[in-house]
Amino acid sequence: MTTMDRTGVARALEQIASYLELQGENAFRVRAFKAAAKTVQGIPGDLAGALRDGSLAEAKGIGPAILQVITELVTTGRSVVLEQLRTEVPAGLLEMLEISGLGVAKIRQIRDALGIDNLPELEAAARDGRLAALPRFGARTAENILKGIAFLRQASEWRLSHHAHDESAALCEALLRLPHVLAAHVAGEVRRRLEVVRDMVIVLVADVPPNELLRQLEAIPGVKEIAGEDERRATLRFAGGGTVQVMVTPPQNLGTVLVQATGSQAHLAALAARATAKGFNLAGAALWEGSRFVATPTEESLYAALALPWMPPELREDGGELDRPVPELVEGRDLRGFLHCHTTYSDGTSSLTDLTEACRLEGYEYVGITDHSRAAAYAGGLSPDSIRAQWAEIDELNRRGTGPRLLKGIESDILVDGALDYPDDILAGFDFIIGSIHSRFNLSEAEMTERVCRAMASPYLTIIGHPTGRLLLSREAYRIDLDRIFSAAAAHGVAIEINADPHRLDLDWRVLARARAMGVMISIGADAHSVAGIANMSYGVGVARKGGLGRDDLLNCRSAEDFLAFARARRS
DNA sequence: GCCGTTTTCGGCCCGACTGTTTTCAGTCG
């Protein structure tokens with residue numbers, strides 16, 4: 001039993017880095033903690049296990065001092081270093097560091113000149129002109145800081161899907177240990193696999209009346225209070241500020257309650273209208289036909305009563321799905337190729353061999369290795385020499401033939417003029433190429449669209465990576481005309497990626513059907529930077545399913561040979 | 001704080017953008 005998991009440890013290390021930065025510590029010491037946080041995120045499986053077997057101590061960027069901190073966090077849930085820092089640096093400064101455009105230098109200037117060390121005071125100073133009057137500040141800076149504060153406030157209501165997923169799963173586990181709980185189901189936006197989540201909902205099946213169970217919820221670890229309650233629901237507020245709604249149902253109504261807890265509002269409205277038209281009533285926590293109770297122990301039984309096929313949760317969005325045939329959606333096991341991963345050759349934290357072995361265990365037939373290209377210097381982009389070294393290693397591993405087939409790829413920066421990042425004679429040596437934008441985000445829509453279209457004209461490009469550049473809850477997409485990109489991609493035979501990194505999930509599921517209708521092939525790329533990042537794939541599958549995609553719509557559901565044929569077709 | 005085919009010290013990634021200035025510091029990816 002460990003006290004703190006991987007995410008918690010990584011968060012603590014990041015906090016230490018931020019506190020040190022605010023204290024004016026050596027930038028490289030700060031960077032060491034940030035890098036260690038990243039490494040810890042990438043450790044597969046149980047952190048305590050990696051501590052025991054010594055693999056954590058061997059990991060790059062983990063030295064004796066940081067290993068000590070991690071050991072402490074994992075075994076006791078606390079860190080002396082972190083707690084000491086908390087007494088020395090006001091927590092409000094840490095929040096200020098979250099604001100885009102505010103770094104330690106400016107924060108220190110603000111604190112020294114105005115005595116401000118928290119967000120509310122910062123906001124007031126930005127409004128009343130004190131901030132703009134500081135040297136090297138101005139009206140624009142104050143305005144941007146206000147925008148940043150507003151953005152943070154809004155974003156704090158939302159969670160990234162993988163965080164919501166992990167939190168729901170952990171809570172389900174705790175709830176299942178309560179007496180009289182027969183089952184616990186994650187519902188709501190997590191179950192619909194939305195890219196960001198505001199409201200978490202869990203349905204409990206119990207063999208006692210709901211109120212008997214609801215009384216016990218306060219005892220769940222981490223629960224601060226019951227924020228709201230009725231005869232069959234309670235809202236739990238956690239110490240961290242988040243809330244989760246828990247609904248309780250007897251087994252005979254599980255289908256109806258689970259559908260209602262899953263949503264969306266529009267889907268439920270369409271379903272209720274359908275029920276009314278058929279002489280049913282779906283208003284409460286059960287299905288009624290006049291005054292006759294209709295048992296709905298499963299979701300299938302509810303939909304069947306309304307003469308509808310069961311609807312996969314991912315598709316329950318605008319209500320229009322009830323009028324369309326239910327497509328056969330892609331499943332995780334349909335993916336034969338694992339695409340888009342970074343190794344220690346660039347900014348990944350797992351070695352090529354470790355990543356390959358982990359992909360073998362996941363059952364992938366082939367793996368497309370795509371480290372960063374040389375323009376991405378901040379991410380350790382590959383020099384021509386490194387490329388040759390990696391190709392030699394890939395050739396050797398393929399010769400041994402003990403793992404999945406390795407494909408030589410690269411995630412090439414699309415330079416500002418639309419060129420790929422190596423001369424053609426090097427590009428020609430790759431089996432396939434993902435082209436992505438990592439810099440110069442601020443072009444006009446026309447310029448950005450033209451830039452990507454020019455990249456697609458290269459016969460070496462196979463896939464456009466994270467095509468809008470958004471970072472969920474942190475950075476807007478860059479301006480780009482997706483319809484023009486789709487039609488050019490279809491014309492050139494270039495695929496477009498669903499980037500499965502839960503920070504991106506880019507393309508957005510809402511435009512997938514349009515892309516497919518225009519003839520664009522889609523690929524799911526994990527953008528894994530570690531063995532742990534292999535798990536990203538399931539989020540990409542969620543996006544594809546929300547977009548209504550099936551196996552035939554996805555490039556990496558094809559065999560390695562067919563995948564390579566797709567890439568080669570462009571070069572002839 | 002971490003690392004080492006320059007290994008116990010001295011280096012660690014760098015170019016572009018923004019808002020401020022009028023030549024550049026601070027921030028970001």
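Every chain is numbered from 1, with letters handed out A, B, ... down the list of sequences.
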Are the side chain of A:Glu189 and the backbone of A:Arg198 linked by a donor-acceptor contact shorter than 3.5 Å?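 The answer is yes, because a donor-acceptor pair under 3.5 Å joins these two groups.
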Is there a donor-acceptor pair under 3.5 Å between the side chain of A:His342 and the backbone N or O of A:Thr370?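 Present.
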Between [N] ([atom2]) and [X] ([atom1]): distance, integer Å:
| X | N | atom1 | atom2 | value |
| --- | --- | --- | --- | --- |
| A:Phe33 | B:dC3 | CZ | P | 13 Å |
| A:Leu97 | B:dG26 | CG | C1' | 13 Å |
| A:Leu102 | B:dG26 | CG | P | 13 Å |

Select base, sugar-phosphate, or nothing to describe what A:Arg475 touches, counting heavy atoms under 4.0 Å on all strands.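 The residue A:Arg475 makes sugar-phosphate contact but no base contact.
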Residue pairs involving residues 415-424 of chain A (criterion side chain to side chain donor-acceptor pair (under 3.5 Å); sequence neighbours excluded):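 Applying side chain to side chain donor-acceptor pair (under 3.5 Å) to every pair that reaches into residues 415-424 of chain A, excluding sequence neighbours, yields A:Ser373-A:Asp421.
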What closest approach, in Å, do A:His165 and A:Val190 show between heavy atoms, and which atom pair accounts for it? CA-CG1, 4.0 Å
For B:dT21 and B:dA16, measure between their P atoms and round to the nearest Å.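 It works out to 24 Å between them.
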Assign a letter to each nucleotide of nucleotides 15-24 of chain B from its 5' end: B, base within under 4.0 Å of a protein heavy atom; S, sugar-phosphate only; -, no contact. -SSSBSS--B
Would you indicate which nucleotide in B:dG29, B:dC2, B:dC28 comes nearest to any side-chain atom of A:Ala32? B:dC2
Near DNA chain B, under 4.0 Å by heavy atom, which residues of residues 370-380 of chain A? A:Ala377, A:Tyr378
